[in-house]
Amino acid sequence: MANISEQIKKLKEQLTKELKTSNNSLVIEKIRVKFLGKTGLITNLLSQIKNFTIEEKREFASKLNELKKFSEQIIKEKREKILKQKANAKILKKQSFDVTSYLPEKLKGHKHPYSQIIEEIENIFISMGFDLFDGPEVETDYYNFAALNIPENHPARDMYDTFWLNKKNTLLRTHTSPVQVHAMKNKPLPIAGIAIGRTFRHEAVDASHDFMFMQCEGVVIDKNITLSHLFATAKKFLQVMFEKSEKTSNVNVKDLDIRIRPGFFPFVEPGVEIDMRCPFCKNGCSVCKNSTWVEIFPGGLIHPNVLRAGGIDPEKYSGFAFGFGLTRLAMLKYGINDIRHFYGGKLNFLEQF
Ligand code: DAH
């Protein structure tokens, strides 16, 4: 029966050794089956008890039981150790995550030209002290027209091919100018802000028209605001905007000039059209149609009726406003000739930016 003691000792050693070199739960499970499974080595030895004599039982039963307990215990301990190691490794991995580590070039995305131009416009105006305003895309007749001095049946409504919604007096805003009125009603004076957002018109889509487009509205209201404030703001904005354009390398845009022509919009009086010197040439090119001037955006002094609609006394305050389409600006800045590229999603167009 020394044989049984020998077998117990050997099994203990073998199990301990095998566990030592195993390092994952699957292997440990295999070892458990090998030793303690239904036909496992230890189970087999235990099943022999029934053949023992009374003396042998007395001598070995408790040792065999102890072997079983011991084996179960060290397998359990090893399993827990591995789980702990795994958890620690996870924590360590998290802690040592390197945010500056290498990222393959091809995975890099970039901003859509629209997003780039929006950021640039916002940054320029923020640097001039403007706030960023916002307004709803679904508007009422009042904000989109009436409050902007375009009452019902006013011919100026014809300029805007409006998407009317099923709800009465409700529409998709045809321009960002309604944000002016929201600002007047909701912000304390003085006001200086821009609002960039989507606008909608019932237009057939072609190379230079879309039914949905982005506009930027600017509004400044304070005591003694004059047209000179508008001109200086427009000039500085355009100079900075086109300063960084690669296409303008042969023109000194630092002192890019502007020109003013009269213009009509019911919500401004007087109204103006602001042109800028062509940033691409000195003597005429296709962009400026050989005139050396590019029509860029309209604006003017806010009409007293609009100030009144916004709850502001036009005897005490005055203001200027302007509005322009982002698409035209982006097309000029990046030399893009078809408006449809912006939403086309074609990679060979987008990857140029
Ligand atoms: N809202 C006008 C449009 O979309 C653009 C505009 C003109 C805005 C003159 C202004 C402005 O603020 O003063 O056609």
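When a residue number appears, it is its place in the shown sequence, counting from 1. Just so you know, ligand 1 is whichever comes first in the structure, and atom 1 is the first atom listed for that ligand.
When side chains are defined from C-beta on, E18 does not count as touching V27, because their heavy atoms never get closer than 4.5 Å.
In summary, E120 and K333 engage in a salt bridge, as defined by a charged side-chain N under 4.0 Å from a carboxylate O. Comment: E29 engages R79 in a salt bridge, judged by a side-chain N to carboxylate O separation of less than 4.0 angstrom.
N283 and T292 form no side-chain donor-acceptor contact under 3.5 Å, judged by distance and modelled atom types alone. For N149 and N305, the side-chain atoms include at least one donor-acceptor pair closer than 3.5 Å.
In this structure, F200 has its ring center at least 6.0 angstrom away from the ring center of F211.
The contact shell of ligand 1, taken as protein residues with any non-hydrogen atom closer than 4.0 angstrom, comprises Y160, H175, S177, Q180, R201, Q215, E217, F265, F267, V268, P298, G299, G300, A321, F322, G323.
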